[in-house]
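Okay, structure first, notes after.
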Protein chains: 2
Amino acid sequence: MEQVKILLAEDDANLGLLLKEYLIAKNYNTTLCEDGDKAYDEFLKNPFDLCIFDIMMPHRDGFTLAKDIRLINSEIPIIFLTAKSMKEDVLEGFKLGADDYMTKPFSMEELLVRIEAVLRRTAGVKPENNQEEFKLGRYTFDAKKQYLVDGDNTIKLTTKESELLKLLCNNVNKVLERNLALKTIWSDDNYFNARSMDVYITKLRKHLKEEPSIEIINVHGKGYKLIM
Amino acid sequence: MEQVKILLAEDDANLGLLLKEYLIAKNYNTTLCEDGDKAYDEFLKNPFDLCIFDIMMPHRDGFTLAKDIRLINSEIPIIFLTAKSMKEDVLEGFKLGADDYMTKPFSMEELLVRIEAVLRRTAGVKPENNQEEFKLGRYTFDAKKQYLVDGDNTIKLTTKESELLKLLCNNVNKVLERNLALKTIWSDDNYFNARSMDVYITKLRKHLKEEPSIEIINVHGKGYKLIM
DNA sequence: ATTATGACTTAACAATCTTTAACACACAAG
DNA sequence: CTTGTGTGTTAAAGATTGTTAAGTCATAAT
């Protein structure tokens, strides 16, 4: 399971950090740069799947940055973030091959769904990366088919078991926060759903008990962590 | 270069005509429908490359229309146009697989550049309205003739079997929600029809049992998912 | 007209999934 | 240590789904 890499250029440190934290929490590998020059250097050094650029930045504005990057990569999706909502700017942005253009202030959730919409279309370019398979020690976990395979023994997981294990796998060795998991899988983080989640953690532990190198540990008051 | 066909659903006759004229002037073959029902019928009759839907419309609102169309074609790009800018609506729109979401009032030029941005990404996705043939591993499913072919062995499917399998195929690897399938095939989602649907799922599973790479899995409380 | 056939629905019961309840234990703060 | 809250675990309850078979209806064949 490959992580999507996002290059984020935003000179407002507050907004930048906020966005970065949020995107990382949503499992996007996010690199933040505080101006256009730094973002350009970063782009040259590392491969990315998606760009999110503020327009007004020191050293190199978002439009110029996009133009320069388009010279190197004409396919990578670009989303512009800006306080300017003037028509000419929007048009200019799309002329540079933007995939979306969001005017501040915007909600983080809206940015997220727009990112997903763009990636959904971009992913179609290379349609093989849907393989949702994880190696867990002696086990192989197929999130799509909801199977947990251990040699010749195949355990069929239920939907909830599979969704939860997948979230844990996407955050190996990191804390999967309760409320995030609940909102993602149960769409509501009330007391009863939280207890239900605990029950599923027990179920998963039982399923994985044959492999001592894998453990789901609790982080008190925070959530769970899959370690391996 | 074939002309791009746009299905436009907008109940405000003034705005609708204005948009239609504008899009036609920009060389988009545009069909205007004044409500959701007419748009749905039009979609069933002819193949399109892009949908542009108003949200608030008589007979069938834009969201419902999109949901119904997604059952038949899960790939066609959809842009929502609306006066509602509330966060929940935007998120709802994208959850239905929207590609963009524009809040009125907007400039026609901005709509145009956003259309172009969407089409740039979806280029190569041919309109699959009339696609009636699906490859299911070793099987070939002809939805029109209601045949399921496996080498020299041809199984004749009943109408309901075929309709259900077609819906599943149109949503491969995604959850086909019970109530949507029931509304589409049985036109009513009461308890008995739901049970009938379960019976047909069993029948389909039996028909597809020779191909282990294909499975119809249940998503508890939600619906079924054809995975391959 | 009667019978046979096939598609679809309804019934019945088994199996499974998820939630809720109950009680035991662990952790952090005072 | 004690208390309140969070977590581990099991079991039961409640709901959904799997499956087979019988029932219903329309149509075709005799």
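Residue numbers begin at 1 in each chain, while the letters A, B, ... track the order of the sequences.
For the salt bridge (Lys or Arg N to Asp or Glu O under 4.0 Å) test, residues two or more places apart in sequence or in another chain that qualify with Glu34(B) are Lys38(B). Partners of Asp189(A) under the salt bridge (Lys or Arg N to Asp or Glu O under 4.0 Å) rule, at least two apart in sequence or in another chain, do not exist in this structure. The side chain to side chain donor-acceptor pair (under 3.5 Å) search around Thr64(B) returns Asp61(B), not counting sequence neighbours. For Asp100(A), the salt bridge (Lys or Arg N to Asp or Glu O under 4.0 Å) partners at least two apart in sequence or on another chain are Arg114(A), Arg114(B). Among residues two or more places apart in sequence or in another chain, the side chain to side chain contact (heavy atoms under 4.5 Å, CB included) test is passed with Asn29(A) by Gln3(A), Lys5(A).
Following rounding to the nearest Å, Asp198(B) (CG) and dT19(D) (P) show an atom-to-atom distance of 10 Å. Between Glu215(B) atom CD and dT17(D) atom C1' the separation is 16 Å, expressed in whole Å. Between the NZ atom of Lys203(B) and the P atom of dT17(D) there is a distance of 19 Å, rounded to whole Å. Between Ile216(B) atom CD1 and dT17(D) atom P there is a gap of 14 Å when expressed in whole angstrom units. Across the protein-nucleic acid pair, Tyr200(A) atom OH and dC17(C) atom P stand 8 Å apart, rounded to whole Å. Atom CE of Met197(B) and atom C1' of dA7(C) are 18 Å apart (whole Å). Rounded to whole Å, atom P of dT17(D) lies 13 Å from atom CD of Gln146(A). Going from atom CD1 of Ile217(B) over to atom C1' of dT16(C) covers 15 Å, rounded to whole Å.
Proximity of a side-chain donor or acceptor of Asp35(B) to a complementary backbone N or O of Pro58(B) within less than 3.5 Å is not detected. A distance-only check finds no donor-acceptor pair linking the side chain of Asp150(A) to the backbone of Asn153(A) [under 3.5 Å]. Under a 3.5 Å cut-off, the side chain of Arg205(A) and the backbone N or O of Leu208(A) do not form any donor-acceptor pair.
Taking CG of Leu176(B) as the reference point, atom CE of Met197(B) lies at 5.5 Å (rounded to 0.5 Å).
More than 12 heavy atoms of other shown residues, nucleotides or ligands fall within 6.0 angstrom of atom NZ in Lys156(B).
In this structure, Phe63(B) has its ring center under 6.0 Å from that of Phe80(B).
For the pairing with Leu19(A), the side-chain contact (heavy atoms from CB on, under 4.5 Å) check across Leu81(A), Ile52(A), Leu32(A) returns one residue only, Leu81(A).
Proximity of residues 188-196 of chain B to DNA chain D (heavy atom under 4.0 angstrom from any strand atom) is restricted to Arg195(B). Annotation: proximity of residues 154-165 of chain A to DNA chain D (heavy atom, distance under 4.0 Å) is found for no residue. Interface residues of residues 177-186 of chain A facing DNA chain D, ordered by number: Arg178(A); criterion, heavy-atom separation under 4.0 Å.
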Short N/O separations, protein against nucleotides 27-30 of chain C, under 3.5 angstrom:
none

Could you give the side-chain donor-acceptor pairs of residues 7-15 of chain A under 3.5 Å, partners two or more places apart or in another chain?
{"from": "Glu10(A)", "atom 1": "OE1", "to": "Lys104(A)", "atom 2": "NZ", "distance (Å)": "3.4"}
{"from": "Glu10(A)", "atom 1": "OE2", "to": "Asp12(A)", "atom 2": "N", "distance (Å)": "2.9"}
{"from": "Asp12(A)", "atom 1": "OD1", "to": "Asn14(A)", "atom 2": "N", "distance (Å)": "3.0"}
{"from": "Asp12(A)", "atom 1": "OD1", "to": "Leu15(A)", "atom 2": "N", "distance (Å)": "3.4"}

Could you pull out every donor-acceptor pair under 3.5 Å between side chains of residues 211-228 of chain B and any protein atom, sequence neighbours left out?
{"from": "Glu211(B)", "atom 1": "OE1", "to": "Arg138(B)", "atom 2": "N", "distance (Å)": "2.8"}
{"from": "Glu211(B)", "atom 1": "OE2", "to": "Ser213(B)", "atom 2": "N", "distance (Å)": "3.3"}
{"from": "Glu211(B)", "atom 1": "OE2", "to": "Ser213(B)", "atom 2": "OG", "distance (Å)": "2.9"}
{"from": "Glu215(B)", "atom 1": "OE1", "to": "Tyr147(A)", "atom 2": "OH", "distance (Å)": "3.0"}
{"from": "Glu215(B)", "atom 1": "OE2", "to": "Tyr147(A)", "atom 2": "OH", "distance (Å)": "2.6"}
{"from": "Asn218(B)", "atom 1": "OD1", "to": "His220(B)", "atom 2": "N", "distance (Å)": "3.4"}
{"from": "Asn218(B)", "atom 1": "ND2", "to": "Gly223(B)", "atom 2": "O", "distance (Å)": "3.2"}
{"from": "Tyr224(B)", "atom 1": "OH", "to": "Asp198(B)", "atom 2": "OD1", "distance (Å)": "2.6"}

Once base and sugar-phosphate atoms are separated, protein heavy atoms under 4.0 Å mark nucleotides 20-27 of chain D, 5' to 3', with B, S and - as B-------
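Between Arg121(A) and Glu75(B) there is a salt bridge, since at least one side-chain N of the basic residue sits less than 4.0 Å from a carboxylate O of the acidic one.
A side-chain N or O of Asn46(B) and one of Glu42(B) form a donor-acceptor pair less than 3.5 Å apart.
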